[in-house]
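Please read the structure below before turning to the comments.
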Amino acid sequence: MDKYAPVSSARKFGTAVAVEEPIKPPVEVEHTQLLIDGKFVDAISGRTFPTLDPRTGDIIAHVAEGDEKDVDIAVTAARKAFDEGPWTRMTAYERSMILYRFADLIEKHNDEIAALETWDNGKPYEQSSSIEVPLVARLMRYYAGCADKIHGLVVPADGPHHVQVLREPMGVVALVIPWNFPLLIYAWKVGPALATGNTIVLKTAEQTPLSAIYVSNLLMEAGLPPGVLNIVSGFGPTAGAALARHMEVDKIAFTGSTETGKIVVELAARSNLKKVTLELGGKSPFIVFDDADIDQAVELAHSAVFFNQGQCCCAGSRTYVHERVYDEFVEKSKARALKRVVGDPFKKGVEQGPQIDMEQFNKIMKYIRLGKDCGATLVCGGDRSGSKGYFIQPTVFADVQEGMPIATDEIFGPVQSIFKFGGFSDFKHKGHVLMFVLFTGKYAPVSSARKFGTAVAVEEPIKPPVEVEHTQLLIDGKFVDAISGRTFPTLDPRTGDIIAHVAEGDEEDVNIAVTAARKAFDKGPWTRMTAYERSMVLYRFADLIEKHNDEIAALETWDNGKPYEQSASAEIPMLTRLMRYYAGNFLVYSRICYHCFDDFYPTLTSLPSSETYSGWADKIHGLVVPADGPHHVQVLQEPMGVVGQIIPWNFPLLMYAWKIGPALATGNTIVLKTAEQTPLSAIYVSNLLMEAGLPPGVLNIISGFGPTAGAALASHMEVDKIAFTGSTETGKIVVELAARSNLKPVTLELGGKSPFIVFDDADIDQAVELAHFALFFNQGQCCCAGSRTYVHERVYDEFVEKSKARAMKRVVGDPFKKGVEQGPQIDMEQFNKIMKYIRLGKESGATLLCGGERSGSKGYYIQPTVFTDVQEGMPIATDEIFGPVQSIFKFRDIDEVIQRANATRFGLAAGVFTSNLDTANTVSRALKAGTVWINCFDVFDAAIPFGGYKMSGQGREKGIDSLKNYLEVKSVVTHLKNPAWL
């Protein structure tokens, strides 16, 4: 197409020619070593690597090359600074003042910092000195102002409980920053991490280490204690990978390419399941309608793609222009590109410097060749600019078609691709097609089941008062068989007999379900209903659950083995409560204001009595935030889309509610996989949800197995988010599958080994009963079970004897029989696992005080088992048994028990029993656990967030925090013309 008169020679670019003789930068390189524990040091290996001037390819300096050994030392320094140093014990105000002083120092050294940034990166000095470095100072002052405004919440809860939701620093965080905006991304990461009281190990990009090292020295000068910020320069496969898989790093934040982001998530999952934040690649659409001011649109589109040499993750690299103004837009875009000044970035007026290095230069030139080979029209540019360095002409392609490499791949360079569209629906489709978007004898052990009194399993099971109605998959509003026709048996854990054969979904069924959910989200009525209309569906669902309480409870008990009284009186009513919580039970709050540190967590005032609470379906608010300059900024909370959910077998319906409640309240559609052991109750209540008016395809239920149906969900490219509750090992697999596919966000609620700590001032009888409940509830099959009972040495013997007596009184039997406290374990696999741990406990030298054997001759019943004299390191002390096995430890003082309680890879929950308020406050803040119960245990209110530290999960269930799991945050920035106020 010759109508755009393509340009093939650099001579036609006018002033857009690279400067041959580079200007000497007005700065000296002062620091090239690693910064560890407040000191500049060489790498352990002694190795260095060159950092290059992209204007010429010449060496600027040799920088210390950190690797795994240096990362270990840096992490140790950060851990010591967090656990022992002054940083976490400073007041928030004191921390904020350090960040304020840091901002002042950045401002004072603006020119030197900007010169280093330009020299090492190649971006125009005017951009560095006038925009980016001032913005770094601005960001530091913003986060300094947030440091003393991190507020917890006091939330109402059912029953006599005082509930505080605290925001605590995570610990040692790893930060990995990119080369395109070294200082800005440094500020984006260091600012919030320090404001919230964490310590840091930061890896610079190997291409651009100098400015981050320089400003980190200023941060030390501002008063940051040693070890709080550690800088390791080095390479991704060595230093970066070491950080991502380090077992003592509590969280990692990475900015860079999508492919590397996948690797970071996999390494985090394979190590300690550390939390991961990712800011990755993009292929952003820039859409110009036919009613736009074309001159303004051309200039803005030009800036959107060519800013920072096109090396910007959010570059508007897909320019969609309406067909009626397309030709005019292309010609004016060509003219603007030809005027763009390319040259030495230290020269005044230069708009575009060199690309970062030869690798990036070659990558961009490859895509330019591919653009021409694929039939796109090269309107201008496409060649090297100058003879030195990594300069590329501003390049514009027209007649770009979907599927071309320049249309689908992130080029990360000065290449504008202009597409034509005909209508709104056309661009809407195109805008969504890409992926970016010891025995002592003193306790008289019991070895026979005959000594357990009433704790004997009932031999003849009671007939459940319910019939199984639904055993098929629920897809697109209909009950259907699996494509394969296969079924699997679900068993009665009281006997091992088959209850029913249930459809066995696999990858094919998951694909169909995801397609139905995608259609329901993209085209169905659900997302177009008002929030009030969605809330009414959930209200009607809650009413139907209440109406069918007894049948649902019977199914739950029959399929799972938990006591019917527990199902009928506690769990099913809680299911109803949760649905009303998320639906929006009474609009009771008169005012909502948002903290500056977090755009989502509200402070709620004018609270009602504890009998009514605000739900969330019609109370998900966005924000309007002030911004520098004439801009109207909206921060929107949007549904994610199709979410995959995988629920466990120990609390099938409660976990069902914890998952679907917030997902539906926020407007998503769902594909949910039930546990293969307990599919019946979830299928039953999902039918009630259809009856309540949920549109077809909004909720789809797949019964099946983890390696087939579960893996298909986790790896599905059309699933936008996945939430999983289950074992830590399976959680790792889910994260890896999500990372290898489309990097979908993952929420995990995983295993635990929760400490239950009894101090010597406690009421022993109450403590014994509560510790018994904390462990044996739900047959011990509870992720947050208080399975490590720590008792002060002064009351240890009394506690042990009373715990034995209580366990001996525990009634084990048919869960349908009134008064039964403990039913069978879920299945033979779990039964055998628990019996193995009981054997290991005895073999390891712990004292078996009572229990330890099978109860009865049918089903999967186990005697309530108590071990004493348990020592750290024994398998029953470290591993999640998930059964009725209580392990009792002895401790001497508060510091010792805190250290021992935290010495685990888990961090889900903890219990503290004491009458001393100071003790309660000290221990609750020191314990690394997502929930700390004081003088109570297993309080699961709808408003109380639940989730774990460390390898016990990522994200929170229930309460307002659960909504974040299912919402995307979108910033919409609109330019204001002559605003009356800012």
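FYI, side chains are in, hydrogens and waters are out, and symmetry mates aren't considered; it's all heavy atoms of this structure.
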What's the verdict on side chain to side chain donor-acceptor pair (under 3.5 Å) for Y582 and T666, showing C-alpha distance, side-chain angles and the deciding distance? CA-CA 9 Å; Y582 286 113; T666 49; over 6 Å; no

Show your reasoning for whether ring pair (Phe, Tyr, Trp, His ring centres under 6.0 Å) applies to F488 and H501. CA-CA 5 Å; F488 65 94; H501 288 88; 9.0 Å; no

Please verify the inter-ring angle class for F937 with F756; under 30° counts as parallel, over 60° as perpendicular, anything in between as tilted.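 It falls in the tilted class, 30° to 60°.
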
Ring geometry between F946 and F940 (parallel below 30°, tilted from 30 to 60°, perpendicular above 60°): perpendicular

May I ask you to say whether [X] pairs ionically with [Y], meaning some side-chain N is under 4.0 Å from a carboxylate O?
| X | Y | result |
| --- | --- | --- |
| K836 | E829 | no |
| K809 | E821 | no |
| R486 | D506 | yes |
| R580 | E546 | yes |
| R494 | D814 | yes |
| K562 | E571 | yes |

Within 6.0 angstrom of E565 CD, more than 12 heavy atoms from elsewhere: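 Yes, because the 6.0 Å sphere around CD of E565 holds more than 12 heavy atoms from other groups.
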
Could you tell me whether K833 atom NZ has more than 12 heavy atoms of other residues or ligands within 6.0 Å of it?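 Yes.
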
Can you spot which of V734, T747, V735 makes a side-chain contact (heavy atoms from CB on, under 4.5 Å) with F724?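 Considering V734, T747, V735, a side-chain contact (heavy atoms from CB on, under 4.5 Å) with F724 is found only for V734.
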
Can you confirm whether the side chains of [X] and [Y] place a donor and an acceptor under 3.5 Å from each other?
| X | Y | value |
| --- | --- | --- |
| N560 | T678 | no |
| H548 | E551 | yes |
| Y656 | T674 | no |
| K753 | S952 | no |
| S962 | E957 | no |
| D938 | W933 | no |

K721, E638, K659, Q645 screened by side chain to side chain donor-acceptor pair (under 3.5 Å) with Y966, the one that passes: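 The option that passes is Q645.
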
[atom2] on [Y] to [atom1] on [X], rounded to 0.5 Å:
| X | Y | atom1 | atom2 | answer |
| --- | --- | --- | --- | --- |
| T557 | Q566 | OG1 | CD | 7.5 Å |
| M655 | I647 | CE | CD1 | 9.0 Å |
| F773 | C782 | CZ | SG | 8.5 Å |

Would you please test Y860 and D827 for side chain to side chain donor-acceptor pair (under 3.5 Å) and show each step? CA-CA 6 Å; Y860 313 124; D827 59 15; over 6 Å; no

Backbone N or O of H716 within a donor-acceptor pair of the K744 side chain at under 3.5 Å? yes

Using atom types as modelled and distance alone, determine if a side-chain donor or acceptor of Q822 lies under 3.5 Å from a backbone N or O of R810.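 Not a single qualifying donor-acceptor pair exists.
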
Run the side chain to side chain contact (heavy atoms under 4.5 Å, CB included) check on T487 and T471 step by step: do they pass? CA-CA 9 Å; T487 64; T471 60; over 6 Å; no

Start with the C-alpha distance between F831 and I826, add both sets of side-chain angles, then the distance that settles side chain to side chain contact (heavy atoms under 4.5 Å, CB included), and finish with yes or no. CA-CA 7 Å; F831 176 92; I826 187 67; over 6 Å; no

Take I572 and I545 through the side chain to side chain contact (heavy atoms under 4.5 Å, CB included) test and state the conclusion after the steps. CA-CA 8 Å; I572 308 309; I545 294 169; 3.7 Å; yes

